[in-house]
Amino acid sequence: MDPQIALKLTAAATASYGAQMGLAPTFANKLYWKKGHPEHHNFSRWFGHALGGMAIAQALASTESSPNKAVLVASGVQYLTAPLVMLSQKKDMKPEMIVANGVLCGGIGLLCLKCALDAK
């Protein structure tokens, strides 16, 4: 896949996660966490803010004339380590969300790293 398209797709996924966490923390809490898990709106908003910044970097890098290996690698590592974080919270996180998000994050992470390795 073209690395610039991969970065655009990655930016969209990152922005989606960021919007859920930053703009709709109650929705995100109900979506990802088991019933009764306490809501942390302040932390969720900061997390969404951080993801939003990463999405902007990914989107801007996708418009460069040649692939930005640094952003591809950073994105790949971010997405490949996310399932590990989810697994470390399996007591509180919904199992179906661990699986669904683990597969999505793993796929995006591998795509970014492959594009970084293939980029000239």
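Residues Phe27 and Leu23 do not share a hydrophobic cluster, clusters being chains of Ile/Leu/Val/Met/Phe/Trp/Tyr side chains in contact below 4.5 Å. Criterion: ILVMFWY side-chain heavy atoms under 4.5 Å apart, direct or through other members. Under it, Ile108 and Leu87 are part of a common hydrophobic cluster. Note on Met93 and Tyr17: same hydrophobic cluster, where clusters join Ile, Leu, Val, Met, Phe, Trp and Tyr whose side-chain heavy atoms are under 4.5 Å apart, directly or indirectly. One hydrophobic cluster, built from ILVMFWY side chains closer than 4.5 Å, holds both Met97 and Met21.
Closest of all the heavy-atom pairs between Ala61 and Asn68 is CB-CB, 3.9 Å. Across all their heavy atoms, Cys112 and Leu72 have their closest contact at CB-O, 3.4 Å. The two residues Cys105 and Ala82 make their nearest non-hydrogen contact at SG-CB, 4.0 Å. In terms of heavy atoms, Met54 sits closest to Ser75 at CE-OG, 3.5 Å. When all heavy atoms of Pro67 and Gln4 are compared, the closest pair comes out as CA-OE1, 3.5 Å.
Side-chain N or O atoms of Ser88 include one that pairs as donor or acceptor with a backbone N or O of Val85 at under 3.5 Å. Proximity of a side-chain donor or acceptor of Asn29 to a complementary backbone N or O of His37 within less than 3.5 Å is detected. Judged purely by atom type and a 3.5 angstrom limit, Lys34 uses its side chain to pair as donor or acceptor with the backbone of Lys91. Between the side chain of Tyr79 and the backbone N or O of Thr14, at least one donor-acceptor pair lies under 3.5 Å. Side chain of Lys69 to main chain of Ala119: a donor-acceptor pair is present (N/O by atom type, distance under 3.5 Å, no hydrogens or angles). Using modelled atom types, one side-chain atom of Thr81 and one backbone atom of Gln78 make a donor-acceptor pair closer than 3.5 Å.
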(message) For Ser44 and Glu39: C-alpha separation, side-chain torsions, deciding distance, then whether side chain to side chain donor-acceptor pair (under 3.5 Å) applies.
(response) CA-CA 8 Å; Ser44 183; Glu39 291 185 40; over 6 Å; no
(request) In sequence, state the C-alpha distance, the side-chain angles, and the governing distance for Asn42 and Phe47, and then conclude on side chain to side chain contact (heavy atoms under 4.5 Å, CB included). (result) CA-CA 9 Å; Asn42 290 341; Phe47 181 51; over 6 Å; no
(message) What verdict does the side chain to side chain donor-acceptor pair (under 3.5 Å) test give for Gln58 and Thr10, after you've listed the backbone C-alpha separation in whole Å, the side-chain angles of each residue and the deciding distance to 0.1 Å?
(response) CA-CA 7 Å; Gln58 293 161 338; Thr10 303; 5.5 Å; no
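Between Tyr32 and Asn101 there is a side-chain heavy-atom pair separated by less than 4.5 Å. The side-chain heavy atoms of Leu9 and Met1, taken from C-beta on, include a pair separated by under 4.5 Å. Taking 4.5 Å as the limit, some side-chain heavy atom of Val71 sits within range of a side-chain heavy atom of Leu7.
Distance CG/Leu51 to CD1/Ile56: 11.5 Å, rounded to 0.5 Å. Remark: Leu31 CG to Thr26 OG1 distance equals 12.5 Å, nearest 0.5 Å. Rounding to the nearest 0.5 angstrom, the gap separating the CH2 atom in Trp33 from the NZ atom in Lys94 is 11.5 Å. Between Asp92 atom CG and Met86 atom CE the span is 14.5 Å, to the nearest 0.5 Å.
Take Gln89 and apply the side-chain hydrogen bond (donor to acceptor under 3.5 Å, both in side chains) test, not counting sequence neighbours, and it matches no residue. Residues satisfying the ring pair (Phe, Tyr, Trp, His ring centres under 6.0 Å) criterion with His40, sequence neighbours excluded, are absent altogether. With sequence neighbours excluded, the residues satisfying side-chain hydrogen bond (donor to acceptor under 3.5 Å, both in side chains) with Lys8 are Ser62.
By the 6.0 Å contact criterion, NZ on Lys30 is open, its count of non-hydrogen atoms from other residues, nucleotides or ligands being 12 or less.
Taking the six-membered ring where the residue is Trp, Trp46 and His49 present perpendicular rings, their angle passing 60° and hence far from 30°.
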